[in-house]
Amino acid sequence: MELGLFTACLPRLGLADIAAWCVRSGYQTLEVAAWPVGSEHAHQASHIDAESFSAAEATAVRKLLAQHGLSISAVSYYGNNLHADEDERRRTHDHLRRCVDAAARLEVPCVGTFIGRDPSRTVAANVELAEKSLPRLVDYARRRDVRLVVENCPMEGWHPDGYPGNLAYSPELWDWIFDLGFYLNYDPSHLCWLGIDPIDALRPALEGGKVLHVQAKDIEIDERRRSQYSVFGRALGRVRPEDVGWWRYRVPGRGQLDWNRIIDVLHDGGFSGTVAVEHEDPVWSGSEEKVKRGLEIAARTLGPLVLGG
């Protein structure tokens, strides 16, 4: 098992700067963010330009990481593969294919993505749409020896009322996405606010060999405020999608998850991949210095568990 870092939290740094900092801070591998160049979203970055990623650039990236003793666990672009707008959906699929091409050139085994959702359709109608359109993406990746790993984030910000916008939020749907040929990028933080025990959800997926990647993000929950806002979060006066009023993401070590138990279950289940820190902690955000401080907290928390097992 290796300790990794999802690079999206450092959008203004180049890959070379991130690699140099990571190796000094206890990280072994990178989940490289690969959104289309020009994205200004707070949790997106373009640390490789997948649209024009050449064999020569792949050689340069491999050389850079080898100099630092690092590897890449995944090339990731978390777009809505079931977007309501057909043109936007097609652009999302096209860019995901370019990420697969980049991963193949880098000899990286995984590409991170979402299933997504069209919020104007029922879950059943979205399932039908997915079964028609998404197997082609799986096949494209498989032919290049790459696996698509789906993060189980609900993406409630993609739904106008804060309901699940990514059809991978519930373990009930995981077997369905496995049947489509996807694998799981397991993130326990999302399960907690949905009332799902992260260990109970993890064990069956491990037993089936469907967990190929893990994202490490923690969560802080205020159960008394949930009684005011409900599980769906603040309905009035929300200033941003994550402004739910009763929970917020934290870096590992500053939230409520039992990482000792989670990592132990991963070891027990034979998981030998990457546990990549995904930093979306508002306390340790706002500047490059604070983000790095949050990442150092996460590395101190997870390093002895991931690397010492």
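The two residues Gly269 and Leu206 have their closest heavy-atom pair at CA-CD1, 4.2 Å. Counting all heavy atoms, side chain and backbone alike, Leu194 lies closest to Pro154 at CD1-CG, 3.8 Å. The two residues Ala216 and Leu302 make their nearest non-hydrogen contact at CB-CD1, 3.5 Å. The two residues Val146 and Ala104 have their closest heavy-atom pair at CG2-N, 4.1 Å. Of all the heavy atoms in His159 and Pro119, the pair that sits closest is CD2-CB, 3.9 Å. Contact record, Gly253 with Thr301: CA-OG1, 3.4 Å, taken as the closest heavy-atom pair.
Formation of a donor-acceptor pair under 3.5 Å by the Asp222 side chain with backbone atoms of Trp246 is not found in this model.
Between His47 and Val32, the closest side-chain pair of non-hydrogen atoms falls below 4.5 Å. Pro164 has its side chain out of reach of Trp158: every pair of non-hydrogen atoms, C-beta onward, lies at least 4.5 Å apart. Within the 4.5 Å cutoff, side-chain heavy atoms of Arg248 are placed close to those of Pro282. Between Leu30 and Ser73 there is no side-chain heavy-atom pair separated by less than 4.5 Å. With contacts defined as side-chain heavy-atom distances shorter than 4.5 Å, the pair Pro135/Leu180 qualifies. Ile297 places none of its side-chain heavy atoms less than 4.5 Å from the side chain of Asp281. Residues Glu156 and Tyr163 have side chains not in contact (no heavy-atom distance under 4.5 Å, counting atoms from C-beta outward). At least one side-chain heavy atom of Arg250 sits under 4.5 Å from a side-chain heavy atom of Val283.
Residues meeting the side chain to side chain contact (heavy atoms under 4.5 Å, CB included) test with Asp197, sequence neighbours left out: Ile199, Asp200. Every residue two or more places apart in sequence or in another chain that forms a ring-ring contact (aromatic ring centres under 6.0 Å, His included) with Trp247 is listed here: Trp193, Tyr249. Applying the side chain to side chain contact (heavy atoms under 4.5 Å, CB included) criterion to Ser46, with sequence neighbours excluded, gives Trp35, Val37. Applying the side chain to side chain contact (heavy atoms under 4.5 Å, CB included) rule to Ser285 yields the partners His279; only residues at least two apart in sequence or on another chain are considered.
If you chain together hydrophobic residues whose side chains sit under 4.5 Å apart, Trp176 and Val138 fall into the same group. Residues Leu212 and Leu191 do not share a hydrophobic cluster, defined by chaining ILVMFWY side chains whose heavy atoms lie under 4.5 Å apart. Two different hydrophobic clusters hold Val149 and Leu137 under the rule that ILVMFWY side chains link at heavy-atom gaps under 4.5 Å. Note: the hydrophobic cluster containing Leu266 also contains Leu184 (ILVMFWY, side chain heavy atoms under 4.5 Å, direct or indirect links). Cluster annotation: Val211 is connected to Val306 through the hydrophobic network of ILVMFWY side chains, with a link wherever side-chain heavy atoms come within less than 4.5 Å.
For the atom pair Ile48 CD1 and Glu57 CD, the distance stands at 9.0 Å (nearest 0.5 Å). Within the model, atoms CZ of Arg89 and CG of Leu134 stand 9.0 Å from one another, a figure rounded to the nearest 0.5 Å. Taken to the nearest 0.5 Å, the NE2 atom of His267 stands 7.5 Å off from the CG atom of Leu305. Taken from CZ in Arg293 to CD in Glu296, the straight-line distance is 6.0 Å, to the nearest 0.5 Å. Put simply, CD1 on Ile177 and CG on Asp179 are 10.0 Å apart, with the number rounded to the nearest 0.5 Å. Atom OG of Ser272 and atom CD of Glu2 lie 9.5 Å apart (nearest 0.5 Å).
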Criterion side chain to side chain donor-acceptor pair (under 3.5 Å) on His83 and Thr92, from CA distance to verdict = CA-CA 8 Å; His83 199 284; Thr92 300; over 6 Å; no
Where do Tyr169 and Asn166 land on the side-chain contact (heavy atoms from CB on, under 4.5 Å) test, with the steps shown first?
-> CA-CA 6 Å; Tyr169 66 93; Asn166 172 37; 5.9 Å; no
Please step through side chain to side chain donor-acceptor pair (under 3.5 Å) for the pair Glu31 and Ser76, ending with a clear verdict.
-> CA-CA 7 Å; Glu31 179 184 358; Ser76 292; 2.6 Å; yes
Start with the C-alpha distance between Leu257 and Cys192, add both sets of side-chain angles, then the distance that settles side-chain contact (heavy atoms from CB on, under 4.5 Å), and finish with yes or no.
-> CA-CA 8 Å; Leu257 285 168; Cys192 293; 3.2 Å; yes
Stepwise side chain to side chain donor-acceptor pair (under 3.5 Å) test for Glu151 and His190 | CA-CA 10 Å; Glu151 185 190 350; His190 306 299; 2.8 Å; yes
Kindly determine whether Asn185 and Tyr78 satisfy side chain to side chain donor-acceptor pair (under 3.5 Å), including the steps that lead there.
-> CA-CA 11 Å; Asn185 189 3; Tyr78 294 97; 2.9 Å; yes
Give the C-alpha distance, both sets of side-chain angles, the deciding distance and a yes or no for side-chain contact (heavy atoms from CB on, under 4.5 Å) between Gln28 and Leu307.
-> CA-CA 10 Å; Gln28 298 173 297; Leu307 308 178; 2.9 Å; yes
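Salt-bridge formation is not detected for the pair Glu51/Arg98: no Lys NZ or Arg NE/NH1/NH2 atom is positioned less than 4.0 Å from an Asp or Glu carboxylate oxygen. Ion pairing of Asp264 with Arg261 is absent here, as no side-chain N (NZ or NE/NH1/NH2) approaches a carboxylate O to less than 4.0 Å. By the 4.0 Å N-to-carboxylate-O rule, Glu128 lies close enough to Lys132 to be salt-bridged with it. Looking at Asp218 and Arg254, no side-chain N of the basic residue comes within less than 4.0 Å of a carboxylate O on the acidic one, giving no salt bridge. A salt bridge links Arg90 and Asp87; the closest N-O separation between the charged side-chain nitrogens and carboxylate oxygens is under 4.0 Å. A salt bridge does not link Arg91 with Asp94: none of the charged nitrogens is closer than 4.0 Å to a carboxylate oxygen. Under the 4.0 Å criterion applied to side-chain N and carboxylate O atoms, Arg238 and Asp243 are not assigned as salt-bridge partners. Salt bridge annotation for Glu288-Lys292: present, with a cationic side-chain nitrogen under 4.0 angstrom from a carboxylate oxygen.
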N/O donor-acceptor pairs under 3.5 Å from side chains in residues 8-27, not counting sequence neighbours:
from  : atom 1 : to     : atom 2 : distance (Å)
Arg24 : NH1    : Ala20  : O      : 3.2
Ser25 : OG     : Trp21  : O      : 3.0
Tyr27 : OH     : Leu295 : O      : 2.6

For residues 105-115, tabulate all N or O donor-acceptor pairs below 3.5 Å that involve a side-chain atom, not counting sequence neighbours.
from   : atom 1 : to    : atom 2 : distance (Å)
Arg105 : NH1    : Phe53 : O      : 2.8
Thr113 : OG1    : Asn81 : ND2    : 2.9

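Here the two rings, on Phe178 and Tyr183, have centers that are 6.0 Å apart or farther. In this structure, Tyr186 has its ring center no closer than 6.0 Å to that of His213.
Both the sub-6.0 Å distance and the 45° axial angle are satisfied by Arg144 relative to the ring of Tyr140.
Within a 6.0 Å radius of CD in Gln67, more than 12 heavy atoms belonging to other residues, nucleotides or ligands are found.
Each of Cys153, Pro188, Ser189 was checked for a side-chain contact (heavy atoms from CB on, under 4.5 Å) with Lys217, and the lone residue meeting it is Ser189.
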